[in-house]
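The shown structure was predicted, so the numbers you read here are calculated from the model rather than taken from an experiment. One-based numbering along the sequence shown. The figures that follow rest on heavy atoms only: side chains count, while hydrogens, waters and symmetry mates do not.
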Amino acid sequence: MKTKLMSGVQALYVPLEKLRNIGIMAHIDAGKTTTTERILYYTGRKHVLGSVDNGTATMDWMEQEKERGITITSAATTCFWKGHRINIIDTPGHVDFTVEVERALRVLDGAVAIFDATAGVETQTETVWRQADKYRVPRLAFMNKMDKVGADFFMSIQTIIDRLHANPVAIQIPIGCEKDFEGVIDIIEMKAIRWVSEDGADFIVTEISDDVRDEVESLREDVIAIASEEDDELLEMYLEEEEMPPEKIKAALRKAVLKGKVVPVLCGASARNRGVQPLLDAIVDYLPSPIDVPPVKAVTLSDDEIEVASDEKEPFSALAFKLQIDPFVGRLTYVRVYSGCLNKGSYVYNSTKDIKERVSRLLFMHADKREDVEYVRAGDIVAIVGLKNTSTGDTLCDLNNPVVLEKMKFPEPVISVALEPLTRGDEEKMVKAITALSEEDPTLRVNMDKESGQVILSGMGELHLEIVTDRLKREFNVGIRVGRPQVSYRETIRKSAEAEGKYVRQTGGRGQYGHVVMRFEPLPLDQKEHFEFVNKTVRGVIPREYVPSIEEAIREAMISGSVAGYPMTGIRAILLDGSYHEVDSSEIAFKMAATLAFRNAMKHCDPILLEPIMKLEVTTPEEYVGAIIADLNSRRSHVEILETKANLRVIVAYTPLSELFGYATALRSLSQGRATHIAQFSHYKEVPDKVMGKILKAV
């Protein structure tokens, strides 16, 4: 069944309780984009079924996505189902683009996790699940590819329990499996749903067969037991063994989902157009509206903590979560509106940067297509044209009611390439293009190598950098030469040391005087914060206005370490003592003094080199396990897990990133092309002495 598309002004006036902001998330190739395509088709948002394989998927609109058959950037769209408006963000599954998932989940109210029913929980599933846990996002689970050889619905559910430590509850079970998969049984409604048309638009609802009735009734008891914990009336009916209306069960189960207690599990085969309409029903029935989620926390400019409720009558507040350079309209800023309303042509206050900006246009996005609207309100996800200085993570708000929402944090890059422009004209274009791409992608870092004059571009993985350099050449028409990928090493210290820094300069006029005594200590490498600054001075030995300059100087000094010039991490800087001159002291003088103290201390702190360690998961047929493990051992890997999944073996190892260049080619050779792998950053670890010698020779 397909619904008729609502659009225009109608879309703005759906009551907040009938609005759903959801993300589609999963491991690569689990079927996120295909499922989203079917959602758009059955809701009437598009009239032709798109295909990832054929490059006709609406949400994979970039040329690089069409060519590779993967999602690279998150894409937003809006559709309608049974009187509800659903804003959807389709997120990437590849680990190199996990930042797209992070910033999407930051602003969404609910999520649908897609699983490959032959594999259950996979490596990237764990990553996106943890991200959803971080933001307390209620979610549904959809076991996709039930038509695939090796599909196992209950095995996949067990992996959610074992690997994600979640509480899944089946509200459907499949009718048939693999090539015999033909529909689903709705456990709450006690009905069977079978698809009868090729495009999946038509289905029939029948009674369930007697041979599975006992199993379904047992599973229904499990659902009711969970739901009755949230509803006293339902609990009483359950204890008295009364018949319970499906609507009452769903309402109580919804409460459990919103609290994060359970994850309803559905199943289907999106590529064969089966199971998506019940998934849409579940999105409406169980996932939250903006008024169902707790108010977001914010601080005022006087540092008072407040809560921002999702209400269009409140003052305007929104979070910019994504930037995109559009070739037709220029700079697009994607925002989630948390409160109030915003009109086209009005001004907003960027409280993060203390600037005022004008809103030229407001756009609802459908992947790369745009729909102009006059105003937006609380709960909306919208793209704004005209914001020139707003960055990812900035807060936009009412000028008379300034607040600052919690910013987003992004992982540090672990791999770099050197870029050289082919001509002088390309050099200017390259600078502009990289600036634009860095604004879009907060995980990109750009530095200039002072010795070689090369531009060093750092990112999250080989594919990430490959896509960026391809965009430089194709979208921005920049002629560049790309060097071999290089590991982004880090430096840290093993010992604590105290040091003094004194900067005194006397010239004809006013002099310069800054004096600090500091101690530098190592932080645990598993600590989230890579740097801490502590001020332990007393009695105003250093005036308060100079302390930020001291911290800034240490941060700048840590950009280039003493071992090999790599950025430093894992350091606590403690300001112990110092002195100042009433006339000659200045911020510059204290910055110089702090830099001297840092350099003096590093001579006694035993600085060392750290390398990024990747969590590598290899899936392979049994006969290649020995050769693959032998190869991993030669790459300084620590093999942690060897397990069986369906008819394949899964090897989980921790391997230095420097040993993984060219691994895809080596793995194809070892397994005759039958093994697959995925690697994601895990942690930093000290480089062995033998390896460090080679690295230092190459610097």
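Taking each heavy atom of Thr333 and Ala320 in turn, the nearest pair found is CG2-CB, 3.8 Å. Taking every heavy atom of both residues into account, Val541 and Tyr580 meet most closely at O-CD2, 3.2 Å. Minimum heavy-atom separation, Leu422 to Asp426: CB-OD2, 3.7 Å. When all heavy atoms are compared, the tightest approach of His530 to Thr569 is CB-OG1, 2.9 Å. Nearest heavy atom pair, residue Ile160 against residue Ala141, reads CD1-CB, 4.2 Å. In plain terms, the two heavy atoms of Leu437 and Val468 that are nearest each other are CD1-CG1, 3.9 Å.
Side-chain atoms of Tyr513 and Ser579 include a donor-acceptor pair closer than 3.5 Å.
Contacts of Glu611 classified as side chain to side chain donor-acceptor pair (under 3.5 Å), with partners at least two apart in sequence or in another chain: Arg636. Under the side chain to side chain donor-acceptor pair (under 3.5 Å) criterion, Glu406 pairs with no residue, sequence neighbours left out. Residues passing the side chain to side chain donor-acceptor pair (under 3.5 Å) test with Ser416, sequence neighbours excluded: Ser458, Ser488. With sequence neighbours left out, Lys603 forms a side chain to side chain contact (heavy atoms under 4.5 Å, CB included) with Asn600. For His515, there are no ring-ring contact (aromatic ring centres under 6.0 Å, His included) partners, not counting sequence neighbours. With sequence neighbours left out, the side chain to side chain contact (heavy atoms under 4.5 Å, CB included) criterion links Lys353 to Asn350, Ile355, Ser391, Asp394. Shown here are the side chain to side chain contact (heavy atoms under 4.5 Å, CB included) partners of Thr159, two or more places apart in sequence or in another chain: Val121, Met155. Every residue was checked against the side chain to side chain contact (heavy atoms under 4.5 Å, CB included) condition with Ile559, not counting sequence neighbours, and none meets it. Under the rule for a side chain to side chain donor-acceptor pair (under 3.5 Å), the partners of Thr655 that lie at least two apart in sequence or sit in another chain are Ser637.
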Can you list, pair by pair, the side-chain donor-acceptor contacts under 3.5 Å of residues 612-621, counting residues two or more places apart and other chains?
| residue | atom | partner | partner atom | Å |
| --- | --- | --- | --- | --- |
| Glu617 | OE1 | Thr123 | OG1 | 2.4 |
| Glu617 | OE2 | Thr123 | OG1 | 3.0 |

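With contacts defined as side-chain heavy-atom distances shorter than 4.5 Å, the pair Glu126/Leu164 qualifies. Put simply, the side chain of Glu122 reaches to within 4.5 Å of the side chain of Asp116, judged on heavy atoms. Between Leu609 and Tyr566 there is a side-chain heavy-atom pair separated by less than 4.5 Å. Under the 4.5 Å side-chain criterion, counting only non-hydrogen atoms from C-beta, Leu642 is not in contact with Val652. Residues Thr595 and Arg599 have side chains in contact (heavy-atom distance under 4.5 Å, counting atoms from C-beta outward). Contact check for Val516 versus Ile542: side-chain heavy atoms found under the 4.5 Å cut-off. In this structure the side chain of Thr127 reaches within 4.5 angstrom of the side chain of Gln124, judged on heavy atoms. Side chains of Val107 and Leu319 form a contact here, defined as non-hydrogen atoms less than 4.5 Å apart.
Looking at Asp441 and Arg103, no side-chain N of the basic residue comes within less than 4.0 Å of a carboxylate O on the acidic one, giving no salt bridge. Under a 4.0 Å N-O distance rule, the pair Glu521/Lys495 does not qualify as a salt bridge. Between Glu439 and Lys322 there is no salt bridge, since no side-chain N of the basic residue sits under 4.0 Å from a carboxylate O of the acidic one. Arg471 has a carboxylate O that lies under 4.0 Å from a charged side-chain N of Glu440, or vice versa, which qualifies the two as a salt bridge.
Distance check: Met430 CE to Ile434 CD1 gives 5.0 Å after rounding to the nearest 0.5 Å. Here CG of Asp631 is found 5.5 Å from OH of Tyr663. Values are rounded to the nearest 0.5 Å. Here the OG atom belonging to Ser586 is positioned 12.0 Å from the CZ atom belonging to Arg505, to the nearest 0.5 angstrom. Interatomic distance, CD1 of Ile628 versus CG of Asn633, reported as 12.0 Å (0.5 Å rounding). Between Leu472 atom CG and Ile480 atom CD1 the span is 4.5 Å, to the nearest 0.5 Å. To the nearest 0.5 Å, the span separating OG1 on Thr392 from CD on Gln324 amounts to 11.5 Å.
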ask   = Stepwise, does the salt bridge (Lys or Arg N to Asp or Glu O under 4.0 Å) test hold for Glu659 with Arg635?
value = CA-CA 5 Å; Glu659 302 286 350; Arg635 296 172 184 269; 5.5 Å; no

request  = Assess whether salt bridge (Lys or Arg N to Asp or Glu O under 4.0 Å) is satisfied between Asp133 and Arg139, documenting all intermediate values.
outcome  = CA-CA 10 Å; Asp133 284 341; Arg139 67 215 80 153; 2.9 Å; yes

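Applying the ring-ring contact (aromatic ring centres under 6.0 Å, His included) test to pairs two or more places apart or on separate chains, those with a residue in residues 587-642 are Phe520-Phe598, Tyr546-Phe590. Every pair passing side-chain hydrogen bond (donor to acceptor under 3.5 Å, both in side chains) that includes a residue from residues 547-565 is listed here, sequence neighbours excluded: Glu551-Arg555, Glu552-Lys591, Glu556-Lys591.
Across Val563, Asp606, Leu523, Ile608, a single residue satisfies side-chain contact (heavy atoms from CB on, under 4.5 Å) together with Thr492, and that is Ile608.
Within the 3.5 Å criterion, the main-chain N or O of Ala117 finds a donor-acceptor partner in the side chain of Ser156.
Cation-pi contact between Arg163 and Trp129: absent, since separation from the ring centre below 6.0 Å together with deviation from the ring axis within 45° is not met.
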